[in-house]
Amino acid sequence: MPELPEVEVVRRGLAAHVVGRRISAATLTGARVARRHDAGPFDLADRLVDGQVLAADRRGKYLWLVVQTPAEDPQALVIHLGMSGQLLVEAADAPREKHLHATVDFADDGPQLRFVDQRTFGGLALTELIPDPYAEGHHSHGSHHSHGVPVPVRHIAPDPLEPAYDQPALVRLLKGRHTAIKRALLDQGKVSGVGNIYADEALWRARVHPLRETSALTKPALGRVLDHAAEVMREALGQGGTSFDSLYVNVNGASGYFDRSLHAYGREGEPCDRCGTPIRREAFMNRSSHYCPRCQPRPRGPRAR
DNA sequence: CGTTCCTCCTGCTAGC
DNA sequence: TGCTAGCAGGAGGAAC
């Protein structure tokens with residue numbers, strides 16, 4: 001369940017069902033699930049044993065458990081869901097899912113944590129925690145990642161729902177770049193958490209075409225796009241996230257229902273909720289953009305594609 | 001250096 | 001009915 005609201009729903013599930021428990025065993029099936037863990041799947045599983053889960057944390061679409069292992073400083077079990085990853089809290093004797101790649105058992109004999117991933121773009125890694133490079137900004141309230149951030153999250157920018165997010169600085173950055181606004185929204189090193197659904201929804205709400213150049217938008221217009229991105233993700237979180245099918249579920253297997261509130265994404269050919277013009281879908285960055293051709297006029301000039 | 005493109009997977013669906 | 005092309009919520013790393 002891949003964008004910020006869906007990942008946050010999962011994080012909350014982990015906070016409720018996994019934090020505070022002691023790991024008794026972990027099993028990783030196949031090498032691919034741990035391909036980002038340099039020392040391999042057996043090392044990862046071994047080092048989790050007897051670890052105490054201190055926290056469930058998130059930045060953008062990256063999720064991690066802070067684990068106090070016996071022999072080391074706290075480590076981060078980094079979990080990225082990719083396109084189709086799920087974390088499920090289930091009884092150990094529940095039927096095994098077809099694409100089950102990892103299980104974590106706990107010393108209390110309560111339910112186990114499972115990582116299920118159809119397309120295997122997601123995965124697990126156990127890494128060091130480092131100080132948050134975005135903490136202690138000149139006027140921010142600092143990081144709410146009190147344990148720091150995992151090494152693989154070093155290059156990920158703060159997301160719009162965390163205190164370290166600095167929108168004025170981001171607006172200045174975008175104003176100086178020659179790139180399409182949608183490409184910038186999807187760049188997790190600039191602002192994290194936004195994926196294809198919420199990028200299209202934010203641009204529809206802001207009435208900005210996905211191909212508009214960031215440098216050609218005014219600073220207030222850039223601010224509006226970012227405000228809408230934050231707002232639409234906040235609203236989606238309030239609805240439990242967006243799910244069109246059972247692939248995108250919380251740790252209890254339940255779907256969110258923000259799909260009912262979408263105005264652009266997945267609505268090709270349907271009338272725009274503002275003006276009635278059919279929503280258009282076109283290829284962009286090996287995926288799709290959905291927009292209203294009337295409310296979100298295509299940029300003109302040499303850079304328009 | 002910043003920016004753009006390709007690729008890693010499985011499964012479902014629309015269209016022939 | 002059966003086949004297959006196309007598409008799906010992501011992102012690292014190569015290539016320019």
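Chain letters run A, B, ... following the sequence lines, proteins first, then strands; residues in each count from 1.
Sorted by residue number, the members of residues 191-206 of chain A with any non-hydrogen atom under 4.0 Å from DNA chain C read A/G195, A/N196, A/I197. Near DNA chain C, meaning a heavy atom under 4.0 Å away, the residues from residues 112-122 of chain A are A/R119, A/F121.
With a 4.5 Å cut-off on side-chain heavy atoms, A/L113 and A/T103 do not count as touching.
The side chain of A/S288 sits closest to C/dA8 out of C/dA8, C/dG12, B/dG11. Comparing B/dC9, C/dG9, B/dT4 against the side chain of A/R183 picks out B/dT4 as the nearest. When distances are taken from the side chain of A/H99 to each of B/dG11, C/dC7, B/dC8, the shortest belongs to B/dG11.
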Per-residue pairing states of DNA chain C in dot-bracket (Watson-Crick or G-U under 3.5 Å; . unpaired, | other strand) read .|||||||.|||||||
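For B/dT3, one of the phosphate oxygens OP1 or OP2 lies less than 4.0 angstrom from a side-chain nitrogen or oxygen of A/R177. Between A/K61 and C/dA11 there is a side-chain N or O to OP1 or OP2 distance below 4.0 Å.
In this structure, A/K182 atom NZ and B/dT4 atom P are separated by 15 Å, rounded to whole Å. Rounded to whole Å, atom C1' of B/dG2 lies 8 Å from atom NZ of A/K190.
Residue pairs satisfying the ring pair (Phe, Tyr, Trp, His ring centres under 6.0 Å) criterion with at least one member in residues 43-64 of chain A, sequence neighbours excluded, are listed as follows: A/Y62-A/H80, A/W64-A/H145. Within the structure, the ring pair (Phe, Tyr, Trp, His ring centres under 6.0 Å) test picks out no pair touching residues 25-45 of chain A (sequence neighbours left out).
Between the side chains of A/H101 and A/D117, no donor-acceptor pair of N or O atoms lies under 3.5 Å.
Interatomic distance, A/R294 CZ to A/R274 CZ, rounded to the nearest 0.5 Å: 11.0 Å.
Residues passing the ring-ring contact (aromatic ring centres under 6.0 Å, His included) test with A/H209, sequence neighbours excluded: A/Y291.
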